[in-house]
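Below: one structure, written as structure tokens.
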Amino acid sequence: MTSAAPEDAPRRLRAGVIGLGWAGQQHVAAYAEDPTVDLVALSAMEEHLLAEFGERHQVPGRYQDWKEMLAEAELDVVSIATPTFLHATMAIAALEAGVHVMTEKPMAQTGEAAATMVEAARRAGRVLEVSFNHRQRGDVAALKSVIDTGVLGPVYYAKTGWIRRQGIPGMGTWFTKAASSGGGAMMDIGIHMLDMTLHLLGEPEVTAASASTHAEFGPRGRGGSGFGISQVESGAPFEVEDLATAFLRLEGGATMLLESSWAQWIPEDLCYVTLYGADGGATIEWGGGPGNHRITVWTEVAGIPAELSPEVGEDGRHAAAVAQFLQKVRSGDVAAHDGSLALRRARVLDACYASARAGAEVQIEG
Ligand SMILES: NC(=O)c1ccc[n+]([C@@H]2O[C@H](COP(=O)([O-])OP(=O)(O)OC[C@H]3O[C@@H](n4cnc5c(N)ncnc54)[C@H](O)[C@@H]3O)[C@@H](O)[C@H]2O)c1
């Protein structure tokens, strides 16, 4: 006979994961490690991955057909880690089946598709969350705490970017096709920097974007990496940008420069946030791998100019993002967690791509 769970134990949740590439594997690990969750179902096209992860974590339900999984597995929560063009269809179906959804970033290819997901979450009364795991990093958490003390004063200018030396995800996979990804480096890694920086700044609205996009490496078959396990269509044209730059206006008059690149003539990967405040400045420098983070803060202490190096704690990453999602589900406050924040991010990217096409600044409606 099993003993009854203590009365204050969190409600056990039945979880599923769709997609078993790098991203999906992070969600699988997060659920498998959580003692309050039963990971009961996986879905992916690759039979060998279903077998490998199913056996490793003793997951009973293994499906190549995700709709069958939704119909049979009696899920409370599901993570969607499939190519971006599938996020909206899968999320809406899951929400309509009464399942709380965490989808990978970017939320969808367009703000319009993202808005349909938010509407579905509201209709269904279920949580919709987007996995912005980089904001769970130790450096971001530490700098956020520093900023929240007010030591920088009002931050009126931010520069942020992620520039890879050689990091175009699998050439000829969904990543490099416009119809399946919705965009290139900005959609893929720029979105993390946008999210992280807006989070650090306290979530100001972005009111306008002026951006440009370039594709100098991909079309020549250069700058590729091994990211993305999906089927490669060899010789498929490279249809997205490998570099995007954007100048963003924020409510209250602050501005942000955002650069994202999958491949560039630089010695090593570069990922940074630089904040300029009235009373202090700060930077995050990150070499692109686990750990390897540095924060520096410049301000005055007792009227004396000071350079501070706050200690960086452990990275929370996907496990922390999934834990936060589960907390939101258990809170029952579905109205506060309907995907609206991620929708705002999607609208900023829409405006950036529209601006790049038009060669002019684009306003973002509130
Ligand atoms: N948050 C992060 O740090 C991070 C990192 C990488 C990727 N991502 C995001 O995660 C998502 C997936 O990226 P990836 O690199 O893991 O992709 P991937 O191509 O490596 O893997 C995609 C997975 O989706 C599965 N899939 C595709 N169509 C399916 C279908 N119809 N039914 C069931 N499964 C299906 C594939 O079988 C595969 O297992 C993308 O949205 C990407 O932007 C996020």
Side-chain angles (χ1 to χ4, degrees), residues 16-30 41-54 61-71 73 78-91 93-94 101-109 113-114 117 129-137 140 162 164 167-177 180-196 225-233 240 260 262 271 286 288-290 315-322 324-325 342 345-346 349:
V17 175
I18 315 179
L20 289 175
W22 184 87
Q25 292 172 25
Q26 311 312 305
H27 290 258
V28 167
L42 303 175
S43 174
M45 314 282 269
E46 302 82 7
E47 262 182 76
H48 70 283
L49 292 178
L50 284 173
E52 181 185 336
F53 286 92
R62 303 170 196 179
Y63 300 86
Q64 280 187 309
D65 182 340
W66 62 275
K67 290 183 183 161
E68 212 176 296
M69 176 178 105
L70 282 184
V78 70
S79 280
I80 298 171
T82 53
T84 302
F85 74 102
L86 294 167
H87 293 181
T89 309
M90 290 176 166
V101 170
M102 176 174 222
T103 181
E104 262 304 333
K105 50 51 66 175
M107 185 174 189
Q109 299 138 291
M117 297 161 78
E129 177 83 342
V130 174
S131 174
F132 288 124
N133 48 302
H134 278 264
R135 65 155 72 182
Q136 306 292 345
R137 281 175 12 199
V140 178
W162 188 341
R164 287 185 181 147
I168 299 181
M171 295 271 196
T173 67
W174 67 269
F175 276 105
T176 58
K177 295 180 192 160
S180 45
S181 62
M186 187 160 53
M187 268 290 180
D188 183 36
I189 51 180
I191 186 80
H192 279 304
M193 306 314 295
L194 174 70
D195 176 70
M196 204 189 288
S225 72
F227 307 139
I229 61 167
S230 296
Q231 216 174 359
V232 174
E233 189 191 322
V240 293
S260 342
W262 274 339
C271 183
W286 179 54
D315 282 342
R317 298 186 159 247
H318 272 86
V322 167
Q324 238 173 42
F325 164 58
R345 306 285 190 259
L349 292 204

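Index from 1, following the sequence. For ligands, and for the atoms within them, numbers begin at 1 and follow the listed sequence.
- Across all non-hydrogen atoms, the minimal contact from Leu50 to Gln64 is CD1-CG, 3.8 Å.
- Heavy-atom contacts of Gly21 reach the following atoms of ligand 1: 16 (O), 20 (O), 21 (O), 23 (C), 39 (O) (cutoff under 4.0 Å).
- Of all atoms in ligand 1, numbered sequentially from 1 with element shown, those under 4.0 Å from a heavy atom of Pro106 are 43 (O).
- With contacts defined as side-chain heavy-atom distances shorter than 4.5 Å, the pair Thr82/Met90 qualifies.
- Taking all heavy atoms of Ala44, Pro169, Pro83 into account, the minimum distance to atom 27 (C) of ligand 1 is reached by Pro83.
- The ligand atoms of ligand 1 that sit less than 4.0 angstrom from a heavy atom of Phe175 are 15 (O).
- Partners of His318 according to the ring-ring contact (aromatic ring centres under 6.0 Å, His included) rule, which considers only residues two or more places apart in sequence or in another chain, are Trp22, His27.
- Close contacts of ligand 1 with Trp66, meaning ligand atoms under 4.0 Å from a residue heavy atom, involve 31 (N), 32 (N).
- A search for side chain to side chain donor-acceptor pair (under 3.5 Å) contacts involving Gln109 returns nothing, not counting sequence neighbours.
- Under 4.0 Å from ligand 1, the heavy atoms of Met90 that appear belong solely to its side chain.
- Looking at Leu86, Thr103, Thr82 and measuring to atom 28 (N) of ligand 1, the nearest heavy atom belongs to Leu86.
- Any N or O atom pair closer than 3.5 Å counts here, and His87 shares at least one such pair with ligand 1.
- Remark: ligand 1 and Ile18 share no N or O pair separated by less than 3.5 Å (distance only, no angle test).
- When non-hydrogen atoms are compared, ligand 1 lies under 4.0 Å from the backbone of Ala81 (N, CA, C, O) but not from its side chain.
- Test Val101, Val17, Leu86, Thr89 against Ile80 for side chain to side chain contact (heavy atoms under 4.5 Å, CB included) and you get one pass: Val101.
- Contact of the Val130 side chain with the Arg345 side chain is not registered, since no non-hydrogen atoms from C-beta on lie closer than 4.5 Å.
- Within ligand 1, counting atoms from 1 as listed, the ones closer than 4.0 Å to a heavy atom of Trp22 are 3 (O), 5 (C), 6 (C), 16 (O).
- Between the side chains of Gln324 and Gln136, at least one donor N or O sits under 3.5 Å from an acceptor N or O.
- Across His192 and Ser131, no two heavy atoms sit closer than the pair CE1-O, 4.5 Å.
- An N or O contact shorter than 3.5 Å is missing between Gly24 and ligand 1 by distance.
- Assignment of Gln26 to the shell around ligand 1 is not supported, since no heavy atom sits closer than 4.0 Å.
- Under the 4.0 angstrom criterion for non-hydrogen atoms, Trp174 is in contact with ligand 1.
- Here His192 has side-chain heavy atoms under 4.0 Å from ligand 1, and that is the only part of it that gets that close.
- Less than 4.0 angstrom separates some heavy atom of Asn133 from each of these atoms of ligand 1: 1 (N), 2 (C), 3 (O).
- Of all atoms in ligand 1, numbered sequentially from 1 with element shown, those under 4.0 Å from a heavy atom of Ser43 are 33 (C).
- Summarising the geometry of Ile189 relative to Ser260, their closest heavy-atom pair is CG1-CB, 4.5 Å, with the distance given to 0.1 Å.
- Assignment of Thr173 to the shell around ligand 1 is not supported, since no heavy atom sits closer than 4.0 Å.
- Heavy atoms of Gln25 stay at 4.0 angstrom or farther from ligand 1.
- Note: no N/O pair closer than 3.5 Å links His134 and ligand 1 by distance alone.
- Side chain of His87 to backbone of Pro106: a donor-acceptor contact under 3.5 angstrom is found.
- Residue Lys67 comes nearest to Asp65 through the heavy atom pair N-OD1, 2.8 Å, listed as atom of the first residue, atom of the second, then distance.
- Phe132 is listed as a side-chain neighbour of Ile191, based on a closest heavy-atom distance under 4.5 Å.
- Checking Lys105, Glu104, Gln109 against atom 43 (O) of ligand 1, the nearest heavy atom belongs to Lys105.
- Heavy-atom minimum distance, Ser43 versus Met69: CB-SD, 3.7 Å.
- Shown in contact with Gly19 at under 4.0 Å from a heavy atom are these atoms of ligand 1, numbered in order with element: 23 (C), 24 (O), 25 (C), 39 (O).
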